[in-house]
Amino acid sequence: PPPSVGIDADSLATMLASSSAATSAAAARAVAAHATRPDSAGLFFAADGTPTALLNAVSHSAANDDEMMLLACATIANIATSCPVAGEFLAAQIPALRDLLVDTECAHTRRECLRALALMATEHRLVSNIVMGELVPLLELEAHGGVEDDRVEDHAARMLAERTLVACR
């Protein structure tokens, strides 16, 4: 059965916007998990391909705190994997992913941003959007490795950055 059976996308969107950190974090975890399902496109995209209120809530939830940023990036990466109709939405997320790569101190969030970009480059062929989004210098920094600016070396992030750079070149 489609994932919309038994899952109320509007309720999840409302929970994401909740002023209760526990409620919004629980909803964000549920949404990220549902985004991994190949049959979940109906939760995130209307029949005409436009983003649903739930997907818009995910996009806006990244501004709340580190945990929400991480879960929003994970959801975007999962959608890049599971929703073939997501190209236009994903392209619109590139500036936010760039900003998170620059601003966040959380290695997990940076890794999820890089996973989303790698999937966008390979699965959705959004290479030109990534290049035009001025991400190549950031990807080169992440792919270079080593410890800079008190960042811990992250081999998985380095691999994802390298994979994205290969697709971009």
Side-chain angles (χ1 to χ4, degrees), residues 13 16 28 31-32 34-38 40-169:
L16 274 174
V31 170
H34 284 296
T36 63
R37 296 178 50 171
S40 68
L43 287 174
F44 302 106
F45 295 97
D48 64 358
T50 58
T52 63
L54 177 59
L55 190 52
N56 289 326
V58 167
S59 297
H60 298 304
S61 69
N64 293 345
D65 60 30
D66 285 343
E67 182 180 13
M68 294 301 282
M69 280 187 252
L70 172 61
L71 291 167
C73 289
T75 301
I76 291 167
N78 292 344
I79 287 171
T81 301
S82 65
C83 296
V85 298
E88 188 175 321
F89 167 79
L90 293 170
Q93 302 311 304
I94 290 174
L97 293 173
R98 181 189 61 237
D99 292 345
L100 283 173
L101 276 174
V102 170
D103 296 336
T104 187
E105 295 295 323
C106 179
H108 302 295
T109 300
R110 275 196 317 279
R111 188 179 315 116
E112 286 301 315
C113 287
L114 291 166
R115 184 169 74 94
L117 290 167
L119 290 164
M120 289 177 187
T122 57
E123 301 290 323
H124 291 275
R125 307 202 192 310
L126 296 173
V127 170
S128 63
N129 301 73
I130 292 169
V131 172
M132 291 173 51
E134 301 176 1
L135 278 155
V136 172
L138 290 171
L139 292 168
E140 288 172 341
L141 178 66
E142 293 288 342
H144 179 66
V147 179
E148 292 188 26
D149 299 329
D150 296 327
R151 289 185 176 183
V152 176
E153 185 169 3
D154 186 337
H155 297 288
R158 184 188 313 172
M159 178 201 65
L160 291 166
E162 287 172 353
R163 188 167 113 191
T164 308
L165 284 169
V166 167
C168 289
R169 292 186 172 142

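No experiment lies behind these values; they were computed from the predicted model shown. Just the heavy atoms: all of them, side chains too, but no hydrogens, waters or symmetry mates, feed the values below.
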**Student:** Looking at every heavy atom in both Ala28 and Leu71, which two are closest together, and how far apart are they?
**Tutor:** CB-CD1, 3.5 Å
**Student:** Is any side-chain heavy atom of Leu16 less than 4.5 Å from a side-chain heavy atom of Met68?
**Tutor:**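 Of all side-chain heavy-atom pairs linking Met68 with Leu16, at least one is under 4.5 Å.
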**Student:** Kindly compute the distance separating CZ (Phe89) from OG1 (Thr52), expressed to the nearest 0.5 Å.
**Tutor:** 9.0 Å
**Student:** Between atom CD of Glu112 and atom OG1 of Thr104, what is the distance when rounded to the nearest 0.5 Å?
**Tutor:** 12.0 Å
**Student:** Give a yes or no on whether the backbone of Ala35 and the side-chain of Ser82 come within a donor-acceptor separation of less than 3.5 Å.
**Tutor:**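 It does hold such a pair.
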**Student:** Taking the side chain from Thr50 and the backbone from Ala46, do they hold a donor-acceptor pair closer than 3.5 Å?
**Tutor:** no
**Student:** Which heavy atom of Cys73 sits nearest a heavy atom of Leu97, and at what distance?
**Tutor:**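 Residues Cys73 and Leu97, closest heavy atoms: SG-CD2, 4.0 Å.
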**Student:** Would you give the length of the straight line joining atom CD1 of Ile76 to atom SG of Cys83, rounded to the nearest 0.5 angstrom?
**Tutor:** 12.0 Å
**Student:** So which heavy atom on Leu160 is nearest to which on Arg111, and how close?
**Tutor:**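 Of all heavy-atom pairs spanning Leu160 and Arg111, the closest is CD1-O, 3.7 Å.
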**Student:** For the residue pair Ala167 and Ala121, what are the closest heavy atoms and their distance?
**Tutor:**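 So the two residues come closest at CB-CB, 3.8 Å.
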**Student:** Quick check for you: to the nearest 0.5 Å, what is the distance between Arg163 atom CZ and Thr122 atom OG1?
**Tutor:**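 OG1 of Thr122 is found 4.5 Å from CZ of Arg163.
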**Student:** Leu114 versus Thr164: any side-chain heavy-atom pair under 4.5 Å?
**Tutor:** no
**Student:** Determine whether Met132 and Leu126 satisfy the following criterion, side chain to side chain contact (heavy atoms under 4.5 Å, CB included), listing intermediate values before the conclusion.
**Tutor:** CA-CA 10 Å; Met132 291 173 51; Leu126 296 173; over 6 Å; no
**Student:** List the atom of Ala143, the atom of Leu165, and the distance in Å for their closest heavy-atom pair.
**Tutor:** CB-CD1, 3.8 Å
**Student:** Identify the heavy atoms of Leu55 and Phe44 that sit nearest to each other, and give their distance.
**Tutor:**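 Looks like CD2-O, 3.4 Å.
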**Student:** Taking the side chain as every heavy atom from C-beta outward, state whether Ile79 and Leu119 have any pair of such atoms under 4.5 Å apart.
**Tutor:** no
**Student:** When you measure from the side chain of Thr81 to the backbone N and O of Ala77, does any donor-acceptor pair fall under 3.5 Å?
**Tutor:** yes
**Student:** Give a yes or no on whether the backbone of Gly133 and the side-chain of Arg98 come within a donor-acceptor separation of less than 3.5 Å.
**Tutor:**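 Present.
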**Student:** Are Leu139 and Ile130 packed together at the side-chain level, in the sense that at least one heavy-atom pair is separated by less than 4.5 angstrom?
**Tutor:** yes
**Student:** For the CG atom of Leu90 and the CE atom of Met120, what is their distance to the nearest 0.5 Å?
**Tutor:** 4.5 Å
**Student:** Could you tell me whether Asp154 and Arg110 have a side-chain N and a carboxylate O separated by less than 4.0 Å?
**Tutor:** no
